[in-house]
Amino acid sequence: MKIMFAYVQIINQNTGIKYGYVQFKFTKGMLKISALKGLTKSDAISIPITEISTIQEDNYYGWNRIKFNYKDIQYIFLYSGYGEFDYLRENISEPVIA
């Protein structure tokens with residue numbers, strides 16, 4: 001099981017925007033996100049991969065970016081390198097599209 005790191009923005013229309021550095025991993029059909037800096041430890045999140053929707057990829061000031069929704073909340077992952085982008089794309093795209 002790999003553990004990766006990223007900068008994440010979480011946009012909830014009801015409660016606002018949270019952001020910070022996180023570690024994330026995929027295990028047992030779940031994307032698990034834990035705060036490293038910025039978000040509080042109580043913000044550990046588990047997302048069923050099959051419930052991820054509206055996946056988008058683009059480039060933001062030279063950084064690779066993946067956005068997706070889960071329960072009307074938008075998650076935005078930003079990367080500058082080291083394989084995190086590919087790891088996230090491979091693990092959320094296959095189960096959702098299949």
Side-chain angles (χ1 to χ4, degrees):
M1 166 183 14
K2 292 183 182 180
I3 296 177
M4 296 293 212
F5 303 92
Y7 179 81
V8 175
Q9 291 178 314
I10 301 170
I11 302 172
N12 183 324
Q13 297 299 322
N14 298 320
T15 61
I17 299 172
K18 296 179 184 178
Y19 53 88
Y21 289 98
V22 300
Q23 68 179 22
F24 67 95
K25 64 183 175 182
F26 290 91
T27 182
K28 298 180 183 178
M30 304 287 282
L31 167 59
K32 298 197 178 223
I33 304 168
S34 302
L36 293 176
K37 188 174 183 178
L39 301 169
T40 63
K41 288 292 182 192
S42 63
D43 289 328
I45 300 166
S46 292
I47 300 173
I49 297 169
T50 57
E51 295 182 31
I52 292 173
S53 66
T54 320
I55 301 168
Q56 301 173 359
E57 295 180 25
D58 63 12
N59 207 291
Y60 181 74
Y61 291 102
W63 290 43
N64 292 320
R65 178 167 66 174
I66 292 181
K67 305 179 206 178
F68 63 83
N69 293 339
Y70 169 67
K71 290 190 175 182
D72 297 323
I73 298 172
Q74 184 176 52
Y75 294 82
I76 302 170
F77 283 69
L78 294 168
Y79 308 96
S80 59
Y82 307 113
E84 296 94 344
F85 180 80
D86 293 332
Y87 176 69
L88 182 63
R89 180 183 345 147
E90 290 168 9
N91 282 280
I92 65 171
S93 295
E94 294 299 323
V96 173
I97 292 170

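All figures in this text were calculated on a predicted structure; none of them were measured in a lab.
- Using a 4.5 Å cut-off on side-chain heavy atoms (C-beta onward), Ile52 and Asn69 make no contact.
- Taken from CD1 in Ile17 to CD in Gln74, the straight-line distance is 9.5 Å, to the nearest 0.5 Å.
- Between atom CD1 of residue Ile55 and atom NZ of residue Lys67 there is a gap of 13.5 Å, rounded to the nearest 0.5 Å.
- In this structure, the separation between CD1 on Ile33 and CD1 on Ile47 is 4.0 Å, given to the nearest 0.5 Å.
- Here the closest non-hydrogen pair linking Ala35 and Val22 is CA-CG1, 4.2 Å.
- Phe77 contributes atom CZ, which lies 12.5 Å from atom OH of Tyr7 (distance to the nearest 0.5 angstrom).
- The two residues Lys2 and Lys25 have their closest heavy-atom pair at O-CB, 3.3 Å.
- Between Phe68 and the choices Thr54, Ile76, Ile92, the side chain to side chain contact (heavy atoms under 4.5 Å, CB included) rule is met once, by Ile92.
- Within 6.0 Å of the CG atom in Asp58, the count of heavy atoms belonging to other residues, nucleotides or ligands exceeds 12.
- In this structure, the separation between CD on Gln9 and OH on Tyr60 is 7.0 Å, given to the nearest 0.5 Å.
- The heavy-atom pair separating Tyr70 from Tyr75 by the smallest distance is CB-CE1, 3.9 Å.
- Of all heavy-atom pairs spanning Pro48 and Met30, the tightest one is CA-SD, 3.5 Å.
- Summarising the geometry, atom CG belonging to Asp72 is positioned 13.0 Å from atom CD1 belonging to Ile11; distances are rounded to the nearest 0.5 Å.
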